[in-house]
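For this chain, numbers begin at 1 and follow the sequence in order.
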Amino acid sequence: KYQPESQKQKAERLQAEAEKKKADPKAQPAKKKNCLKYGIQQVTRMIEEKKAKMVVIAHDVDPIEIVVWLPALCKAQEVPYCIVKGKAALGKLVGMKTATCCCFDALNSEDNSTFAKLKDSVNSGFANQYSEVKKNWGGLQMGTR
């Protein structure tokens, strides 16, 4: 349902927009199809621009420094994120061998209710759990000194 735009699809879309603009310079560009964005650069750009609806991060990225800061960025920008098992599973989702992370840029209207449930479960599993651990770190006990 949600797949990245291939190079051929992008070329066709841009060609059609150019022909439309040539025929009518004041015409509005067509709305882009909802798709997945993948790769650390695209996902980071989407998060920083607050266009990402949800970020999915693989757990077995090597070296881990590539994605270790991504949850902090998501938390700062208030974007829900989750960590899934296997970069090969993410790669299969986007049509590549492996992928470190991916995000949704927009959703179809019929998927909003399903996405809301998914977002709630992700927030309860990752974001809210993080804030609870942060509050209880150290046990709130004073030292002997």
Side-chain angles (χ1 to χ4, degrees), residues 1-22 24-141:
K1 199 177 225 185
Y2 294 96
Q3 293 180 340
E5 189 177 40
S6 69
Q7 290 181 346
K8 186 177 180 182
Q9 290 171 335
K10 183 176 180 179
E12 290 171 359
R13 179 178 54 85
L14 292 176
Q15 184 68 31
E17 283 181 20
E19 289 172 4
K20 245 187 221 181
K21 193 167 187 175
K22 189 175 183 181
D24 185 17
K26 294 183 180 181
Q28 294 292 328
K31 187 180 175 193
K32 282 178 64 173
K33 187 184 94 170
N34 299 338
C35 64
L36 270 159
K37 299 289 183 181
Y38 65 95
I40 196 72
Q41 282 187 327
Q42 276 193 323
V43 171
T44 303
R45 185 179 328 114
M46 295 290 286
I47 295 169
E48 288 174 347
E49 293 173 357
K50 295 189 177 181
K51 291 182 180 177
K53 301 295 181 199
M54 188 169 120
V55 177
V56 182
I57 306 167
H59 88 289
D60 59 346
V61 178
D62 187 44
I64 194 67
E65 288 82 10
I66 294 173
V67 295
V68 76
W69 50 271
L70 212 52
L73 180 64
C74 290
K75 189 88 173 151
Q77 298 290 343
E78 298 176 353
V79 175
Y81 70 94
C82 66
I83 300 170
V84 296
K85 187 173 181 180
K87 60 185 178 184
L90 282 183
K92 194 180 293 185
L93 184 68
V94 298
M96 302 277 290
K97 187 176 178 182
T98 60
T100 57
C101 56
C102 65
C103 70
F104 295 101
D105 65 345
L107 297 168
N108 296 332
S109 58
E110 66 265 8
D111 296 331
N112 284 338
S113 62
T114 308
F115 180 72
K117 290 178 190 173
L118 182 64
K119 187 176 174 182
D120 289 339
S121 65
V122 163
N123 281 337
S124 66
F126 291 94
N128 296 342
Q129 187 178 17
Y130 170 75
S131 61
E132 290 300 318
V133 169
K134 188 176 170 185
K135 287 179 189 174
N136 295 331
W137 185 77
L140 300 175
Q141 294 178 351

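When every heavy atom of L36 is checked against every heavy atom of C102, the shortest pair comes out as CD2-SG, 3.9 Å. Of all non-hydrogen atoms in I40 and T44, the two that sit nearest each other are O-OG1, 2.6 Å. The minimum heavy-atom distance between G86 and H59, with the atom names listed, is N-ND1, 3.0 Å. Taking all atoms of both residues into account, the shortest heavy-atom contact from V94 to A99 is CG2-CB, 4.0 Å. The two residues D105 and M46 make their nearest non-hydrogen contact at CB-CE, 3.1 Å. In terms of heavy-atom proximity, P71 sits nearest to V68 at CD-O, 3.6 Å.
Looking only at side-chain heavy atoms (C-beta outward), I57 and C82 stay at 4.5 Å or farther from each other. A 4.5 Å side-chain heavy-atom check between V56 and L90 finds at least one atom pair inside the cut-off. Looking at heavy atoms from C-beta onward, V79 lies out of side-chain contact with K50 at the 4.5 angstrom threshold. For the pair Y81 and M54, the minimum side-chain heavy-atom distance is 4.5 Å or more. By the 4.5 Å heavy-atom criterion applied to side chains, K20 and E17 are not counted as neighbours. With a 4.5 Å cut-off on side-chain heavy atoms, C101 and L70 count as touching.
Atom NZ of K117 sits about 12.5 Å away from atom CG of N112, to the nearest 0.5 Å. Interatomic distance, E48 CD to R45 CZ, rounded to the nearest 0.5 Å: 9.5 Å. For the atom pair OH of Y38 and OG1 of T100, the computed distance is 11.0 Å after rounding to the nearest 0.5 Å.
Counting non-hydrogen atoms of other residues, nucleotides and ligands closer than 6.0 Å to CD of E49 gives a total above 12. Other residues, nucleotides and ligands contribute at most 12 non-hydrogen atoms within 6.0 Å of the CE atom of M96.
The main-chain N or O of K87 is found under 3.5 Å from a side-chain atom of D60 such that the two form a donor-acceptor pair.
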